[in-house]
Amino acid sequence: MSNDARNQSVFDIVGADFFVRLVDAFYDGVQNDQVLIPLYPEGEDTVGARHRLALFLIQYWGGPDTYMEERGHPRLRMRHAPYAIGELERDHWLLHMATAIESVIGDVPESDREHVTTELATYMVNAAEAMRNQ
């Protein structure tokens, strides 16, 4: 990790476009996943879901508060409560997110890659587990 990265948020290191690419790679996998896609109210039309997740991740990792301005407090457990999320759904979600991280992490400066990967992976595992309600 570079010396500068210790004083920067993940957002400062990677920027907003990184999260948009991450979310696009993630949903490219989800769209064809017969375990996950039924959980999305819009089905295979993931345009809205992509937008919301990208804004959430940008805000969470230190970027602008656009998500909060558009949607209010994230309240992730409440927003996900109507959907049955068990181990299988969690594992599919994590598989697509890990694949997405792998596909875009090369865009991060090499000196910061391990730090960013660790931060993202740790958060995603914890978040996916926290959304389980089955």
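Along the sequence shown, the residues carry numbers beginning at 1.
Distance check: I105 CD1 to L120 CG gives 6.0 Å after rounding to the nearest 0.5 Å. Distance CG/D65 to CD1/I58: 11.5 Å, rounded to 0.5 Å. Note: Y27 OH to L22 CG = 10.5 Å, rounded to the nearest 0.5 Å. Expressed to the nearest 0.5 Å, how far CD of E129 lies from CD of E87 amounts to 7.5 Å. Atom CZ of residue F19 and atom CG of residue L53 lie 10.0 Å apart, to the nearest 0.5 angstrom. Atom CD in Q134 sits 13.0 Å away from atom CZ in R90 (nearest 0.5 Å).
At distances below 3.5 Å, at least one donor-acceptor pair connects side-chain atoms of R77 with backbone N or O atoms of R132. In this structure, the side chain of Q59 engages the main chain of M68 through a donor-acceptor pair within 3.5 Å. The closest donor-acceptor contact from the side chain of E119 to the backbone of V116 lies at 3.5 Å or more, if one exists at all.
Ring geometry for Y60 against Y123 counts as tilted: the plane angle lies between 30° and 60°, on a 0 to 90° scale.
L39 has its side chain within reach of L36: a pair of non-hydrogen atoms, C-beta onward, lies under 4.5 Å apart. In this structure, the side chains of L55 and R71 stay at 4.5 Å or more apart for every pair of heavy atoms. Annotation: side chain of F18 is not in contact with side chain of L57 (no heavy-atom distance under 4.5 Å). Residues I37 and E44 have side chains in contact (heavy-atom distance under 4.5 Å, counting atoms from C-beta outward).
What you find for S9 and G62 is that their closest heavy atoms are OG-CA, 4.1 Å.
There is a path of hydrophobic side-chain contacts, each under 4.5 Å, that joins V23 to F11. Taking hydrophobic clusters as Ile, Leu, Val, Met, Phe, Trp and Tyr residues chained together by side-chain heavy-atom distances below 4.5 Å, M124 shares a cluster with Y67.
Using a 4.0 Å cut-off between charged side-chain N and carboxylate O, R50 and D28 make a salt bridge.
Residues forming a salt bridge (charged side-chain N to carboxylate O under 4.0 Å, His left out) with E70 (at least two apart in sequence, or on another chain): none. Every residue was checked against the salt bridge (charged side-chain N to carboxylate O under 4.0 Å, His left out) condition with E110, not counting sequence neighbours, and none meets it.
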For this session: Evaluate side chain to side chain contact (heavy atoms under 4.5 Å, CB included) for Y40 paired with Q31, printing each intermediate quantity in order.
Result: CA-CA 10 Å; Y40 288 85; Q31 280 186 300; over 6 Å; no
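Under a cut-off of 6.0 angstrom, the local environment of CD in E114 is sparse, with at most 12 non-hydrogen atoms contributed by other residues, nucleotides or ligands.
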